[in-house]
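Throughout, residue positions are numbered sequentially from 1 according to the sequence presented. Owing to the predicted nature of the structure, the values given are computational and were not obtained by experimental measurement.
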Amino acid sequence: MKHIIIKSAIVAILLSGCAKDLDLTPKDTISDASFWKTVADFKMGANNLYYSLEGQGFGDTESDIAYNTTNSISNGTYQPGETSGDWNMPYAYIRRCCNIISKAKTAEVDVKVYAAEAKFFRAYNYWRLLRLYGGVPLITEVLDLDSEALYGPRATRKEIVDFILQDLAEAAIDLPVSTALVAADKGRITKGAADALKARVALFEGTWGKYRGDGNANGYLDIAIAASQSVITSAQYSLFTGKGANSYRYLFIEEGDDSKEVILDRRYEKDIEGQVYPALIQRLGYLPTKKLADMYLCSDGLPVSNSPLFEGYGTTTSEFQNRDPRMTMTMVIPGTSVAVTGYPTPVPNWPFYPQRVPNTGYTTYKYVSENTYANAQG
């Protein structure tokens, strides 16, 4: 037993003698100690944040304008599990944002624009949390495993909203306008994107509060108006008209890429980052509802309930007549053919498969690509 004690003591002495000079910086991987030195480092760090942008999805099925299958959000029973990605992933990106913002404060190079991008994405990810959970723990720094804030209480809803709006206001100061981006940076966060998200958050919260007696509601609505006006008067954006009367249809597929109507988009490109959304619409079903169909105005600007131009529901095509042209660029008129490259033509009622997807009586045309490669990936 004494022999063991002596050996342990010797080991302790040896370790204590070299601990002061022990270099814990990894030599085979990038770490905080070796990174964050150049502008390129900060740009690479900020690049990762773009993965938190939500891509094309089925979010409208959470409301009454689209249907896929009954989901827990639309029926009011949503109860996230302890490992829900809806909670964990935004906080993972918030941590990365906080790290970039913190490192930028002591950087010896000018990286204000990437700190601004990080503030945008921190706001964006808190916005994702707010929509589902309301008030959540407010984290503004990089935490350690023993940080007390890991077990902190939820902030109030107002605290989260105000923090989001503050981050976006600060980000807008150092972000470039859209036309100032060089070709290689097309798609990065701009001042317009920050102002547009600010308007959306403030409008959401203002309307949410207005019908719940919140005294802050009008203040948020005023913020939404001012932020929207900033986007409008910036002269950075305009409607896409490249396809004439069908421009609305093509804005949401490949032909609309890089149009001046786009403020911010999650960008996909073959062999870089792909997506199979057109095929998913066909195979899984993402169907408009009658509620959405009835929301389209008639060509005289009146709703279907008041317009003498509304042809009623007597036939499968009558309700589509004399309507806002965006209606038939969003859903297929029954019995007609649509342009979908790579499929046999004519394609009546594509992509409607009653045996495979829910049946609302309406078929989605919006987002369906005319690119053979895109339509063949599902």
### Message
Quick one about Lys103 and Asn99 (side-chain donor to acceptor, distance below 3.5 Å, no hydrogens or angles considered), yes or no?
### Response
yes
#### Entry: Listed partners of Gln229 passing side chain to side chain donor-acceptor pair (under 3.5 Å), at least two apart
none
### Task
Answer yes when Asp214 and Arg157 have at least one side-chain N-carboxylate O distance shorter than 4.0 Å, and no when they do not.
no
### Task
Determine, using ring centers only, whether Tyr313 and Phe310 are less than 6.0 Å apart.
yes
### Trace of the side-chain hydrogen bond (donor to acceptor under 3.5 Å, both in side chains) decision for Asp300 with Ser307
CA-CA 7 Å; Asp300 58 4; Ser307 174; 2.8 Å; yes
### Task
Could you grab the distance from atom CG of Asp60 to atom CG of Leu292, nearest 0.5 Å is fine?
8.0 Å
### Task
Verify, without hydrogens or angle tests, whether Ser147 (side chain) and Leu150 (backbone) share a donor-acceptor contact under 3.5 angstrom.
no
### Side-chain donor or acceptor of Arg122 paired with backbone N/O of Ile94 under 3.5 Å
no
### Interatomic spacing from CD in Gln321 to CD in Glu311 - rounded to 0.5 Å
5.0 Å
### Query
Can you check whether Asn246 reaches Met329 side chain to side chain, under 4.5 Å on heavy atoms?
yes
### Task
Report whether Tyr93 and Met44 are members of the same hydrophobic cluster (ILVMFWY, side-chain heavy atoms less than 4.5 Å apart, transitive linking).
yes
### Query
Taking atom SG of Cys298 and atom CG of Leu309, what is their separation to the nearest 0.5 Å?
6.0 Å
### Query
Honestly, is Lys260 close enough over Tyr237, meaning NZ or CZ under 6.0 Å from the six-membered ring centre and within 45° of the axis?
no
#### Entry: Flag side-chain contact, heavy atom, 4.5 Å: Leu49 against Ile100
yes
### Query
Would Cys98 and Glu141 satisfy side-chain contact (heavy atoms from CB on, under 4.5 Å), going step by step from the backbone distance to the final call?
CA-CA 5 Å; Cys98 289; Glu141 59 185 0; 5.5 Å; no
### Query
Are the side chains of Ser299 and Asp324 in touch, meaning some heavy atoms are under 4.5 Å apart?
no
### Task
Before giving the answer on side-chain contact (heavy atoms from CB on, under 4.5 Å), spell out for Ile65 and Met295 the whole-Å C-alpha distance, their side-chain angles and the decisive distance to 0.1 Å.
CA-CA 9 Å; Ile65 67 171; Met295 290 173 67; 4.1 Å; yes
### Task
Would you check if the side chain of Glu159 reaches a backbone N or O of Thr156 as a donor-acceptor pair within less than 3.5 Å?
yes
### Task
Say whether, by atom type as modelled, one donor and one acceptor occur between the side chain of Asp110 and the main chain of Lys112 under 3.5 angstrom.
yes
### Task
Please indicate whether Glu54 has more than 12 foreign heavy atoms, meaning atoms of other residues, nucleotides or ligands, lying under 6.0 Å from its CD.
yes
### Message
Just checking Tyr250 against Phe240, ring centres under 6.0 Å apart?
### Response
no
### Message
Determine whether Asp195 and Ser230 satisfy the following criterion, side-chain hydrogen bond (donor to acceptor under 3.5 Å, both in side chains), listing intermediate values before the conclusion.
### Response
CA-CA 7 Å; Asp195 286 337; Ser230 176; 2.8 Å; yes
### Task
State whether Lys158 and Asp162 are salt-bridged, where the test is any N-O pair (Lys NZ or Arg NE/NH1/NH2 against Asp/Glu carboxylate O) under 4.0 Å.
yes
### Query
In terms of hydrophobic clustering (I, L, V, M, F, W, Y; side-chain heavy atoms under 4.5 Å; direct or indirect links), are Leu197 and Ile225 co-clustered?
no
### Query
Do the side chains of Tyr124 and Leu138 join up, straight or via other hydrophobic residues, at under 4.5 Å, putting them in one cluster?
yes
### Query
Going by atom types only, do Glu319 and Tyr296 share a side-chain donor-acceptor pair under 3.5 Å?
no
### Distance, nearest 0.5 Å, that separates CZ of Phe320 from CD1 of Ile333
6.5 Å
### Contact check, side chains of Leu175 and Ile189, non-hydrogen atoms, under 4.5 Å
yes
### Task
Please tell me if the side chains of Lys198 and Leu203 come closer than 4.5 Å, counting only heavy atoms from C-beta onward.
no
### Query
Taking the side chain as C-beta and beyond, is there a heavy-atom pair between Thr140 and Ile101 under 4.5 Å?
no
### Query
Quick check: does any side chain N or O of Thr360 sit under 3.5 Å from a backbone N or O of Tyr362, one acting as donor and the other as acceptor?
yes
## Note on the structure
In terms of heavy-atom contacts, Gly209 and Ala217 come closest through C-CB, 3.8 Å
#### Entry: Test item: side-chain donor near acceptor, Gln236 and Thr179, under 3.5 Å
yes
### Task
With sequence neighbours left out, write down each residue that passes ring-ring contact (aromatic ring centres under 6.0 Å, His included) with Trp87, or none if nothing qualifies.
Tyr91, Tyr133
### Task
Determine, using ring centers only, whether Trp127 and Phe204 are less than 6.0 Å apart.
yes
### Message
Distance alone, cut at 3.5 Å: any donor-acceptor contact between the side chains of Thr61 and Asn68?
### Response
no
### Task
In sequence, state the C-alpha distance, the side-chain angles, and the governing distance for Tyr286 and Tyr67, and then conclude on ring pair (Phe, Tyr, Trp, His ring centres under 6.0 Å).
CA-CA 6 Å; Tyr286 188 28; Tyr67 185 72; over 10 Å; no
### Task
Any chance you could measure Asn322, atom CG, to Met327, atom CE, to the nearest 0.5 Å?
11.5 Å
### Task
Verify, without hydrogens or angle tests, whether Thr363 (side chain) and Val332 (backbone) share a donor-acceptor contact under 3.5 angstrom.
no
### Query
Which is it for Lys43 and Asp185 under the salt bridge (charged side-chain N to carboxylate O under 4.0 Å, His left out) test, yes or no, and what are the steps along the way?
CA-CA 11 Å; Lys43 185 174 185 178; Asp185 287 339; 2.8 Å; yes
### Task
Could I get the full list of side chain to side chain donor-acceptor pair (under 3.5 Å) partners for Arg96, not counting sequence neighbours?
Asn48
#### Entry: Check: Tyr126 ring centre within less than 6.0 Å of Phe163 ring centre
yes
### Query
What do the steps show when you test Val177 against Thr190 for side-chain contact (heavy atoms from CB on, under 4.5 Å), and what is the final call?
CA-CA 5 Å; Val177 296; Thr190 61; 6.0 Å; no
### Query
With distance as the sole criterion, is a donor-acceptor pair present between the side chains of Tyr248 and Lys243 under 3.5 Å?
no
### Task
State, yes or no, whether a side-chain contact exists between Leu251 and Ser259 at a heavy-atom distance under 4.5 Å.
yes
### Query
Tyr220 versus Val161: any side-chain heavy-atom pair under 4.5 Å?
yes
### Query
Is it true that Glu117 and Lys191 make a salt bridge, defined as a side-chain N closer than 4.0 Å to a carboxylate O?
no
### Side-chain donor or acceptor of Arg188 paired with backbone N/O of Ser178 under 3.5 Å
no
### Task
Identify the heavy atoms of Val262 and Gly256 that sit nearest to each other, and give their distance.
CG2-O, 4.1 Å
### Query
Under 6.0 Å from the CZ atom of Arg326, do we count more than 12 heavy atoms belonging to anything else shown?
no
### Task
Give a yes or no on whether Val136 and Leu168 share a hydrophobic cluster (residues Ile, Leu, Val, Met, Phe, Trp, Tyr; joining criterion: side-chain heavy atoms under 4.5 Å apart).
yes
### Query
Going through the distances and angles, do Tyr114 and Val39 end up as a side-chain contact (heavy atoms from CB on, under 4.5 Å)?
CA-CA 9 Å; Tyr114 301 116; Val39 173; 3.8 Å; yes
## Note on the structure
dist Cys97:SG -> Ile139:CD1 (nearest 0.5 Å) comes out at 13.5 Å
### Task
May I ask you to decide if Lys37's main-chain N or O and Asp41's side chain share a donor-acceptor pair within less than 3.5 Å?
yes
#### Entry: Ile164 reachable from Leu53 in the ILVMFWY side-chain graph, under 4.5 Å edges
yes
